[in-house]
Amino acid sequence: MKLLDHYRKLYTFLQHQEQQPGLPALALAMHCSERNMRNLLAKMQQHGWLNWQAGRGRGNHSQLEFLQTPDSLALDHLSQFLARGDLEQAFASLDDHQRQQLASRLPDYLGMPDSACRSLRMPLFRTVESLDPLKVYGRLEAHLVRQIFSRLTTFDHQQNALRPAIAHHWESEKNGSVWHFWLRPGLSFHDGTELGVEDVKASFLRLRDESAIYQRLYRHLQYVETGPSQRVSFYLEHSDQLWPNCLATANSSIVPRQRAADFERFPVGSGAFRVIRNNTYQLTLQAFKDYYRERPLLDEIDLWMLPPPSGPSGFDLQFGYANQDCSKKQTIAGAESGCTYIICNSSRIFFKTAEQRLALADWLAPETLFDPQERSRKPASGLLAIWKHRVAKKPKCCSFKAGSKLRMVSGQTTEMLSLAQAVKQRLEAGGITVQWTSLPYDQLLAREWMKDADLVVTREVMHDDQDFGCYEWFVADSVFRRWMPASALKALDTDLMKIKELADSKRRMLAYARIGKRLVQEGWLIPISHENQQVSIAPHVAGVRMTPFGFVSFNELWLKR
């Protein structure tokens with residue numbers, strides 16, 4: 001870097017000269033002898049930074065032409081850190097403009113193989129929030145938690161069945177109000193400490209007692225009992241045939257009883273991968289050698305934070321990286337399990353009655369917001385794609401009084417911004433003034449905006465277990481529940497309590513459909529679209545098998561080269 005410092009000083013000096021000075025003047029400015037100055041220029045020319053031609057004859061000055069700016073050379077030097085995968089060191093000393101310049105080079109290094117280990121670099125298009133299972137709400141964070149932590153059960157979406165995980169067996173009694181699980185022997189966390197029944201007990205009492213969006217799923221847990229042969233018993237207030245399904249969710253991951261202060265950023269789990277780096281620029285996961293199941297096929301997964309793509313992405317991350325002009329890249333597409341919808345604040349005068357809410361639903365009929373032939377989404381008439389609960393009627397005029405004002409909130413993903421913009425334009429076409437605020441993910445979760453908002457454009461993506469996903473959707477502390485009156489919530493919760501007593505999944509799905517129909521036909525939720533996922537896969541990446549949740553287990557990925 002010393003030569004680069006000299007180059008920067010020389011470059012700055014000449015920017016203030018009206019004409020090129022001779023070698024003596026350059027040596028004076030650089031505080032060195034003419035001989036040393038000549039050597040410096042020769043080295044810089046050898047590196048391709050400049051062209052220098054010594055003057056010949058009296059009165060003929062040397063000619064110096066810069067080929068590179070000092071900033072571009074500094075970025076070239078820092079790119080060595082990108083090649084090694086050390087993004088934090090590369091970005092550490094840069095200002096915002098320089099960071100943007102260096103960030104533009106990141107894709108060039110995503111596809112570089114690491115000869116030292118089987119490592120896959122993957123682009124990530126937004127910041128990762130908390131990796132503490134208690135605080136996981138987003139799809140991306142839930143996916144990462146599934147790689148870092150283990151759970152008592154797991155859901156196999158191919159077989160559409162619940163399977164053993166760190167619990168190798170379970171059984172129930174008293175009509176599903178008591179559940180016994182037996183842990184596998186020899187389990188350990190990433191830090192080498194033993195994972196035992198007391199950790200399981202503490203994990204679920206924490207879920208029950210600490211406030212979170214999904215706390216309602218665990219409130220009926222009375223107490224947890226540990227016994228011989230690695231047994232953990234859950235005693236519930238009432239029958240719950242969905243309890244084993246609940247234990248397969250990301251929130252139900254088992255955490256150590258003792259956790260460090262930075263647990264959200266550097267969690268210690270027992271899953272297939274452990275966190276070895278987590279900063280502003282990258283999240284690196286390393287295979288856990290003592291994982292209780294088969295070892296991951298890759299040694300490392302290195303996630304790099306990149307600016308989001310300009311067009312629809314469909315995913316927060318990509319499986320590998322392939323340049324846009326790469327003819328060999330693959331594309332996998334699939335329907336998302338869930339819905340993009342609008343929620344009305346029923347405390348507002350505009351939305352107090354079902355008729356008012358449904359009038360809005362009709363004015364915002366999906367075909368008025370986007371082309372029904374659009375590949376990335378299709379119109380929704382129910383909360384699930386298989387449900388047809390109400391087809392919006394396209395009215396000739398808007399039912400709102402001209403000049404009415406509405407405050408609307410949405411997220412900031414490319415897809416959500418596009419749809420919210422369409423909603424805003426449609427409302428304005430009806431003579432409504434719309435104040436639209438798009439919020440980053442963390443502010444959406446904080447929900448400070450709810451007291452002032454009239455509408456929110458939001459999205460629900462369910463995990464692979466659609467049965468439990470529906471229950472979780474309706475029971476969680478979500479926005480639509482907060483905006484529903486107590487009487488409507490009471491009826492909803494009564495139905496959900498009955499569902500938990502049903503042992504048959506098909507009967508539960510029929511009951512969910514009835515709830516979904518009521519929510520849509522009363523205008524508590526206004527379905528807009530069902531999204532189609534699409535992701536590009538680099539030619540050298542194999543083992544990508546997309547699930548309805550939109551991701552694939554990292555331990556199934558491997559490299560062809």
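Side chains included, hydrogens not; waters and symmetry mates left out as well; all remaining heavy atoms used.
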Find out whether [X] and [Y] are in side-chain contact, i.e. whether some heavy atom of one side chain is under 4.5 Å from a heavy atom of the other.
| X | Y | value |
| --- | --- | --- |
| Ser172 | Val178 | no |
| Glu556 | Leu297 | no |
| Gln443 | Trp449 | no |
| Ile342 | Leu364 | yes |
| Leu152 | Val232 | no |
| Leu383 | Phe474 | yes |
| Phe189 | Asp199 | yes |
| Val255 | Leu134 | no |

Crowded around [X] [atom1]? As in, over 12 foreign heavy atoms under 6.0 Å?
| X | atom1 | answer |
| --- | --- | --- |
| Glu194 | CD | no |
| Lys388 | NZ | yes |
| Arg293 | CZ | yes |
| Gln258 | CD | no |
| Lys451 | NZ | yes |

Electrostatic pair [X]:[Y] at N-O distance under 4.0 angstrom:
| X | Y | answer |
| --- | --- | --- |
| Asp493 | Arg481 | yes |
| Asp495 | Arg518 | yes |
| Glu237 | Arg219 | no |
| Arg206 | Asp132 | yes |

Would you compute the distance between atom [atom1] of [X] and atom [atom2] of [Y] and round it to the nearest 0.5 angstrom?
| X | Y | atom1 | atom2 | answer |
| --- | --- | --- | --- | --- |
| Ile213 | Arg447 | CD1 | CZ | 4.0 Å |
| Ile515 | His389 | CD1 | NE2 | 11.0 Å |
| Phe400 | Phe350 | CZ | CZ | 6.5 Å |
| Arg257 | Glu198 | CZ | CD | 5.5 Å |
| Met408 | Gln421 | CE | CD | 8.0 Å |
| Asp467 | Met509 | CG | CE | 6.5 Å |

Main-chain N/O of [Y] paired with [X] side-chain donor or acceptor, under 3.5 Å:
| X | Y | value |
| --- | --- | --- |
| His190 | Gly269 | yes |
| Trp387 | Tyr512 | no |
| Asp454 | Arg407 | yes |
| His530 | Gly338 | yes |
| Gln215 | Arg208 | yes |
| Gln412 | Ser438 | yes |
| Trp483 | Cys344 | no |
| Ser150 | Ser270 | yes |
| Ser410 | Met416 | no |
| Asn278 | Arg265 | yes |

Let me know which of His143, Arg146, Glu141 forms a side chain to side chain contact (heavy atoms under 4.5 Å, CB included) with Val136.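 Testing each of His143, Arg146, Glu141 against Val136, the sole residue satisfying side chain to side chain contact (heavy atoms under 4.5 Å, CB included) is Glu141.
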
Partner of Phe181 under side chain to side chain contact (heavy atoms under 4.5 Å, CB included), chosen from Val200, Thr153, Val197: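 Answer to the side chain to side chain contact (heavy atoms under 4.5 Å, CB included) test with Phe181 among Val200, Thr153, Val197: Thr153.
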
Do Arg508's NZ or CZ and the ring of Tyr471 fall within the cation-pi criteria of under 6.0 Å and 45°?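 Geometry flag: not set, cation outside 6.0 Å or 45°.
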
Shortest non-hydrogen contact from [X] to [Y]?
| X | Y | result |
| --- | --- | --- |
| Trp363 | Arg426 | O-NE, 2.7 Å |
| Gln222 | Leu236 | OE1-O, 3.5 Å |
| Trp179 | Asp240 | NE1-O, 3.2 Å |
| Trp170 | Pro164 | CZ3-CA, 3.7 Å |
| Ala287 | Arg295 | CB-NH2, 4.1 Å |
| Cys339 | Ala380 | SG-CB, 4.2 Å |

Hey, are [Y] and [X] close enough side-chain-wise for a donor-acceptor pair under 3.5 Å?
| X | Y | value |
| --- | --- | --- |
| Tyr218 | Ser252 | yes |
| Ser529 | Glu531 | yes |
| Gln230 | His168 | no |
| Arg151 | Ser253 | yes |
| Trp182 | Ser229 | no |
| Asn345 | Ser347 | yes |
| Asp191 | Thr193 | yes |

Derivation and outcome, side-chain contact (heavy atoms from CB on, under 4.5 Å), residues Cys470 and Ile499: CA-CA 11 Å; Cys470 288; Ile499 286 174; over 6 Å; no

Step by step, would you call Arg231 with Glu225 a side-chain contact (heavy atoms from CB on, under 4.5 Å)? CA-CA 8 Å; Arg231 175 176 58 83; Glu225 177 186 271; 3.2 Å; yes

Residues forming a side chain to side chain contact (heavy atoms under 4.5 Å, CB included) with Gln356, sequence neighbours excluded: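 Gln356 satisfies side chain to side chain contact (heavy atoms under 4.5 Å, CB included) with Lys352, Thr353 once adjacent residues are dropped.
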
Ring centres under 6.0 Å, that's the criterion: do Trp243 and His220 meet it?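 Yes, ring centres under 6.0 Å apart.
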
Quick one: do Leu247 and Phe204 satisfy side-chain contact (heavy atoms from CB on, under 4.5 Å)? Show the steps, please. CA-CA 9 Å; Leu247 305 192; Phe204 284 95; 3.2 Å; yes

Option from Lys393, Lys394, Arg390 for which salt bridge (charged side-chain N to carboxylate O under 4.0 Å, His left out) with Asp362 holds: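 Output: one option passes, namely Arg390.
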
Using the rule given for side-chain contact (heavy atoms from CB on, under 4.5 Å), can you reason through Leu510 versus Lys506, listing the C-alpha separation, both sets of side-chain angles and the distance that settles it, and then say yes or no? CA-CA 6 Å; Leu510 291 173; Lys506 291 182 180 179; 5.8 Å; no

Check the orientation of Tyr235 and His180. Use parallel for under 30°, tilted for 30 to 60°, and perpendicular for over 60°.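 Correct class here is perpendicular.
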
